Number of protein chains: 2
Amino acid sequence: MTGYAVREAIRDQLGHFWSESFGQIYPALSKLAADGFIERTPSERANSSLFSLTASGERRLTDLLRSPVEASPPRSGLMLRLFFGRATGVPAAVDLISDARDAAAAQLELFAGLRTLGAAEVARGLDADHWPWWLITISAGEHTARATIVWADESLAALALMDG
Amino acid sequence: MTGYAVREAIRDQLGHFWSESFGQIYPALSKLAADGFIERTPSERANSSLFSLTASGERRLTDLLRSPVEASPPRSGLMLRLFFGRATGVPAAVDLISDARDAAAAQLELFAGLRTLGAAEVARGLDADHWPWWLITISAGEHTARATIVWADESLAALALMDG
DNA sequence: GCGGTCATGTAAGTGGTTACATGATTAG
DNA sequence: CTAATCATGTAACCACTTACATGACCGC
């Protein structure tokens, strides 16, 4: 596929848990090609290349995918703000938590859509062996979104008591 | 407080949802002082300064704390790996999910510790008006950790069926 | 006096985004 | 023919981490 197509695929298929920008993709493709992990072949279109995995690239990829996940340093803007709630007051905190709740609810709907979309594709015999993996990532998103909503409701209730 | 103390406070008090490194803190303090948001006064100790919020800094801080949280681009190494589970196989996925479950369980214990620690301080009459906010952030951590555990157990069960 | 902690800062490098510049191809 | 989309790449910049260099102070 082309670099452009890579980005489209990331946005459309990994969108809810991964993102990459063009400024990242094109240099990465050049480097991967230089390292022999992917192969560049000119496409029919002018000034355009198609990339495909080499055998060593495939090995490298599965190695990376099997490697343990390194923890990223925590950085939650929402929690930071709530931690200093004493300084900003209850109403500001209510706003922030309500926003987070809304965002989680919206995500939940989005995941429901992905579920029906995927189920329909599977019913048509497409991507059947990929579907369980797809489902695991959707399920993770749903669980955390639901947890966020429960937490938000509890916290909003607690703040309502504080205020009165 | 000193820059060093700022970092200690961030590590010890915001540790579970925020982090900063020295390389970040010292330049930031210099810039904040140049902008008039904090004031640098030499401390008794040689080559050491104490910083304190100015009036404009206090205003700026509460403004920032009240500002809406901007969403950071999603990037979950775990989900990325699981999404390509077809390529890496069930056992690799089981390892990854088990690790995530363990990490969440460990976090949960940590949060339980923070709860008892904080409750003890409040019982001794310390930080009583800060405690509810502290609790909100702990609660958020607990909810997401529990959600992770439930998701992990469900997913491991699903993978066990796939394998057989 | 010596090791640990307190303290400040810089340098090099990484990983990422946004914006810009450019042009080919296709759909209407 | 013209607007949208496909396509590639670079430049500038930002946020952040790690490692390094330096030294004061304190307790034993």
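Keep in mind the model is a prediction, meaning the values are calculated, not measured. Note: hydrogens, waters and symmetry copies are ignored here, and every other heavy atom, side chains too, is used. By convention in this document, chain letters (A, B, ...) are assigned in the order of the sequence lines, proteins followed by strands, and residues within each chain are numbered from 1.
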* For A/Tyr26 and C/dT17, give me the distance from atom OH to atom P, rounded to whole Å. => 15 Å

Which donor-acceptor pairs under 3.5 Å do side chains of residues 84-97 of chain B form with protein atoms, sequence neighbours excluded?
{"residue": "B/Arg86", "atom": "NH1", "partner": "A/Asp129", "partner atom": "OD1", "Å": "3.4"}
{"residue": "B/Thr88", "atom": "OG1", "partner": "B/Gly85", "partner atom": "O", "Å": "3.4"}

* Would you indicate, yes or no, if C/dG16 has its OP1 or OP2 atom less than 4.0 angstrom from a side-chain nitrogen or oxygen of B/Arg75? => yes

* To do: Give a yes/no answer on whether the side chain of B/Ser48 brings an N or O atom under 4.0 Å of OP1 or OP2 in C/dA7.
  => no

Which pairs of donor and acceptor atoms, one on a side chain in residues 75-83 of chain A, lie under 3.5 Å apart (sequence neighbours left out)?
{"residue": "A/Arg75", "atom": "NH2", "partner": "B/Ser19", "partner atom": "O", "Å": "2.2"}
{"residue": "A/Arg75", "atom": "NH2", "partner": "B/Glu20", "partner atom": "OE1", "Å": "3.4"}
{"residue": "A/Ser76", "atom": "OG", "partner": "A/Met79", "partner atom": "N", "Å": "3.1"}
{"residue": "A/Arg81", "atom": "NE", "partner": "B/Ser67", "partner atom": "O", "Å": "2.8"}
{"residue": "A/Arg81", "atom": "NH1", "partner": "A/Gly77", "partner atom": "O", "Å": "2.9"}
{"residue": "A/Arg81", "atom": "NH2", "partner": "B/Ser67", "partner atom": "OG", "Å": "3.1"}

* Structure fact -> Judged by nearest nucleotide, the residue sitting upstream toward the 5' end of DNA chain C, A/Ser21 or B/Leu29, is B/Leu29

* Structure fact -> The residue, A/Glu20 or B/Phe22, whose nearest nucleotide of DNA chain C is more 5′ is B/Phe22

Determine the contact category for [X]: base if any of its heavy atoms lies under 4.0 Å from a base atom, sugar-phosphate if only primed atoms, P, OP1 or OP2 are that close, otherwise nothing.
X       : answer
B/Gly23 : base
A/Ser49 : sugar-phosphate
A/Arg7  : nothing

* Determine which pairs satisfy ring pair (Phe, Tyr, Trp, His ring centres under 6.0 Å) with at least one residue from residues 91-112 of chain A, sequence neighbours left out, and list them in order. => A/His16-A/Phe111

Hey, can you pull the donor-acceptor pairs under 3.5 Å for the side chains in residues 141-149 of chain B, sequence neighbours left out?
{"residue": "B/Glu142", "atom": "OE1", "partner": "B/Arg115", "partner atom": "NE", "Å": "3.2"}
{"residue": "B/Glu142", "atom": "OE1", "partner": "B/Arg115", "partner atom": "NH2", "Å": "2.8"}
{"residue": "B/Glu142", "atom": "OE2", "partner": "B/Arg115", "partner atom": "NE", "Å": "2.8"}
{"residue": "B/His143", "atom": "ND1", "partner": "B/Ser139", "partner atom": "O", "Å": "3.1"}
{"residue": "B/His143", "atom": "ND1", "partner": "B/Ser139", "partner atom": "OG", "Å": "3.4"}
{"residue": "B/His143", "atom": "NE2", "partner": "A/Glu154", "partner atom": "OE2", "Å": "3.3"}
{"residue": "B/Thr144", "atom": "OG1", "partner": "B/Ala140", "partner atom": "O", "Å": "3.2"}
{"residue": "B/Thr144", "atom": "OG1", "partner": "B/Gly141", "partner atom": "O", "Å": "3.1"}
{"residue": "B/Thr148", "atom": "OG1", "partner": "B/Thr144", "partner atom": "O", "Å": "2.9"}

According to side-chain contact (heavy atoms from CB on, under 4.5 Å), who are the partners of [X], at least two apart in sequence or on a separate chain?
X       : value
A/Asp99 : none
A/Tyr4  : A/Thr2, A/Glu8, A/Phe22, A/Tyr26
A/Thr62 : A/Arg66

* Determine to 10° how strongly the helix from C/dG1-D/dC28 to C/dG28-D/dC1 is bent, judged from the axes of its five-pair ends. => 20°

* State which residues pass side-chain hydrogen bond (donor to acceptor under 3.5 Å, both in side chains) with A/Ser21; sequence neighbours excluded, sorted by chain then number. => none

Measure all distances between protein nitrogen or oxygen atoms and nitrogen or oxygen atoms of nucleotides 4-6 of chain C, and list the pairs falling under 3.5 Å.
{"residue": "C/dC6", "atom": "OP2", "partner": "B/Tyr4", "partner atom": "OH", "Å": "3.0"}
{"residue": "C/dC6", "atom": "O2", "partner": "B/Arg45", "partner atom": "NH2", "Å": "2.8"}

* To do: Could you tell me whether the side chain of A/Ser155 and the main chain of A/Ala152 form a donor-acceptor pair under 3.5 Å?
  => no

* To do: Would you check if the side chain of B/Trp151 reaches a backbone N or O of A/Ile136 as a donor-acceptor pair within less than 3.5 Å?
  => yes

* All pairs passing salt bridge (Lys or Arg N to Asp or Glu O under 4.0 Å) where residues 118-128 of chain B contributes a residue, at least two apart -> none

* **Opening and closing nucleotides of DNA chain D in contact with chain A, under 4.0 Å to non-hydrogen atoms** => D/dC6 to D/dT17

